[in-house]
Amino acid sequence: MAFKTICVDHVGIACAGTLEEAAKIYTEVLGLKATSTEEVKEQGVATVFVPCGETLIELLVDITENNDGPIGKYIAKNGPGIQHMALRVDDIKAAIADLTEAGVRMIDKAPRNGAGQMKIAFIHPKSAGLLLELCQPAATYKD
């Protein structure tokens, strides 16, 4: 393998309602701090990260007009809950190439922009048992 998996970066939770409503349990009850919200229009989602130790909790809400973005579709089918887990890798392009060559079913054939200044790609749930995101901080990404 030409890439290294570094750690669990975050767990993505699909939330109904607003980010503020979703964050209350984490901030007001558990005493964690939330980052500022961010919209990723290409994915039709608004997000906020809640750091918890070395891992982040990513709260996600659909911002599309008809709730037909990936998060809206997920909630319509499954209800609110864990939508994905993200693993940080040191070289996302190498990860995509190696996993594709190994026969892993990839949703993305090239990295795309995600929240939190990350380059991201997804492994299909049929290959990983859940939607698995690979992410690499943009600061370490080379075109």
Side-chain angles (χ1 to χ4, degrees), residues 1-27 30 32-143:
M1 293 280 170
F3 73 98
K4 180 180 176 186
T5 303
I6 299 168
C7 64
V8 173
D9 186 81
H10 65 272
V11 176
I13 301 175
C15 302
T18 68
L19 286 177
E20 294 75 22
E21 293 166 339
K24 279 185 180 182
I25 183 78
Y26 301 97
T27 58
L30 298 173
L32 300 171
K33 305 285 184 207
T35 64
S36 60
T37 61
E38 178 182 353
E39 286 190 2
V40 184
K41 292 188 189 230
E42 306 83 49
Q43 296 177 32
V45 68
T47 182
V48 64
F49 287 97
V50 180
C52 184
E54 298 292 319
T55 305
L56 300 169
I57 299 164
E58 181 184 27
L59 305 176
L60 303 149
V61 296
D62 188 286
I63 59 169
T64 62
E65 189 172 318
N66 299 313
N67 285 329
D68 60 355
I71 296 303
K73 289 177 183 176
Y74 179 89
I75 290 173
K77 182 177 179 181
N78 305 296
I82 294 176
Q83 191 257 351
H84 72 274
M85 182 174 69
L87 301 176
R88 189 179 317 152
V89 296
D90 66 342
D91 185 339
I92 196 164
K93 288 192 289 188
I96 294 168
D98 286 357
L99 293 168
T100 300
E101 185 176 318
V104 174
R105 187 171 171 188
M106 300 293 299
I107 293 174
D108 300 296
K109 300 296 183 190
R112 57 178 150 146
N113 294 323
Q117 301 297 309
M118 291 283 188
K119 294 293 185 180
I120 64 171
F122 288 94
I123 297 174
H124 195 279
K126 290 189 177 177
S127 286
L130 79 159
L131 183 62
L132 191 60
E133 178 181 326
L134 304 175
C135 61
Q136 179 182 356
T140 65
Y141 179 79
K142 293 177 180 62
D143 270 328

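Model, not experiment: these values are computed from the prediction.
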Within this structure, what is the CE-CD1 distance for the pair Met106 and Ile96, rounded to the nearest 0.5 Å? 5.0 Å
Between Ile123 and Leu99, is a side chain to side chain contact (heavy atoms under 4.5 Å, CB included) present by the stated rule, with each step listed? CA-CA 9 Å; Ile123 297 174; Leu99 293 168; 3.8 Å; yes
Measure the SG-CG distance between Cys15 and Leu60 for me, rounded to the nearest 0.5 Å. 7.0 Å
Looking at Leu130, I want to see if its CG is surrounded by more than 12 non-hydrogen atoms of other residues, nucleotides or ligands under 6.0 Å. yes
Assess the residue pair Val50 and Thr35 against the criterion (side chain to side chain contact (heavy atoms under 4.5 Å, CB included)); give the C-alpha distance rounded to whole Å, side-chain angles, the decisive distance to 0.1 Å, and a yes or no. CA-CA 6 Å; Val50 180; Thr35 64; over 6 Å; no
Hits for side-chain contact (heavy atoms from CB on, under 4.5 Å) against Asn113, two or more places apart or cross-chain, chain-then-number order -> Lys119
Which residue pairs pass the salt bridge (charged side-chain N to carboxylate O under 4.0 Å, His left out) test with at least one member in residues 90-99, sequence neighbours excluded? none
Could you list the residues that satisfy ring pair (Phe, Tyr, Trp, His ring centres under 6.0 Å) with Tyr74, not counting sequence neighbours? none
Leu32 vs Thr27 side-chain heavy atoms within contact, under 4.5 Å: no
Is there a side chain to side chain contact (heavy atoms under 4.5 Å, CB included) between Gln83 and Val45 once you walk through the steps? CA-CA 13 Å; Gln83 191 257 351; Val45 68; over 6 Å; no
Please report the interatomic distance NE2(His10) to CG(Leu59), rounded to the nearest 0.5 Å. 11.0 Å
So, for Pro111 and Tyr141, which heavy atoms are closest and what is the spacing to 0.1 Å? CG-OH, 3.7 Å
Residues passing the side-chain contact (heavy atoms from CB on, under 4.5 Å) test with Lys142, sequence neighbours excluded, are none
According to salt bridge (charged side-chain N to carboxylate O under 4.0 Å, His left out), who are the partners of Arg112, at least two apart in sequence or on a separate chain? Asp108
Over all atoms of both residues, closest heavy-atom pair of Asp62 and Pro70: OD2-N, 4.5 Å
Could you tell me whether a side-chain N or O of Glu133 sits under 3.5 Å from a main-chain N or O of Ile120, the two making a donor and an acceptor? no
Distance-minimising heavy-atom pair for Ile107 and Pro125: CD1-CD, 4.4 Å
What is the minimum heavy-atom distance between Val61 and Gly17, and which atoms define it? CG1-O, 3.4 Å
Note: Val89 and Ala95 closest approach over all heavy atoms is CG2-CB, 4.4 Å
So CD1 of Ile82 and CD1 of Ile13: to nearest 0.5 Å the spacing works out to 6.0 Å
Heavy-atom pair of closest approach, residues Lys33 and Pro51: O-CD, 3.1 Å
With sequence neighbours excluded, tell me which residues meet salt bridge (charged side-chain N to carboxylate O under 4.0 Å, His left out) with Asp9. Arg88
For the atom pair CD1 (Ile63) and CD (Glu39), what is the distance rounded to the nearest 0.5 Å? 4.0 Å
Polar side-chain atom of Ser127 near backbone of Arg105 as donor-acceptor pair, under 3.5 Å: yes
Approximate separation, where rounding is to 0.5 Å, of Leu30 CG and Ile57 CD1: 7.5 Å
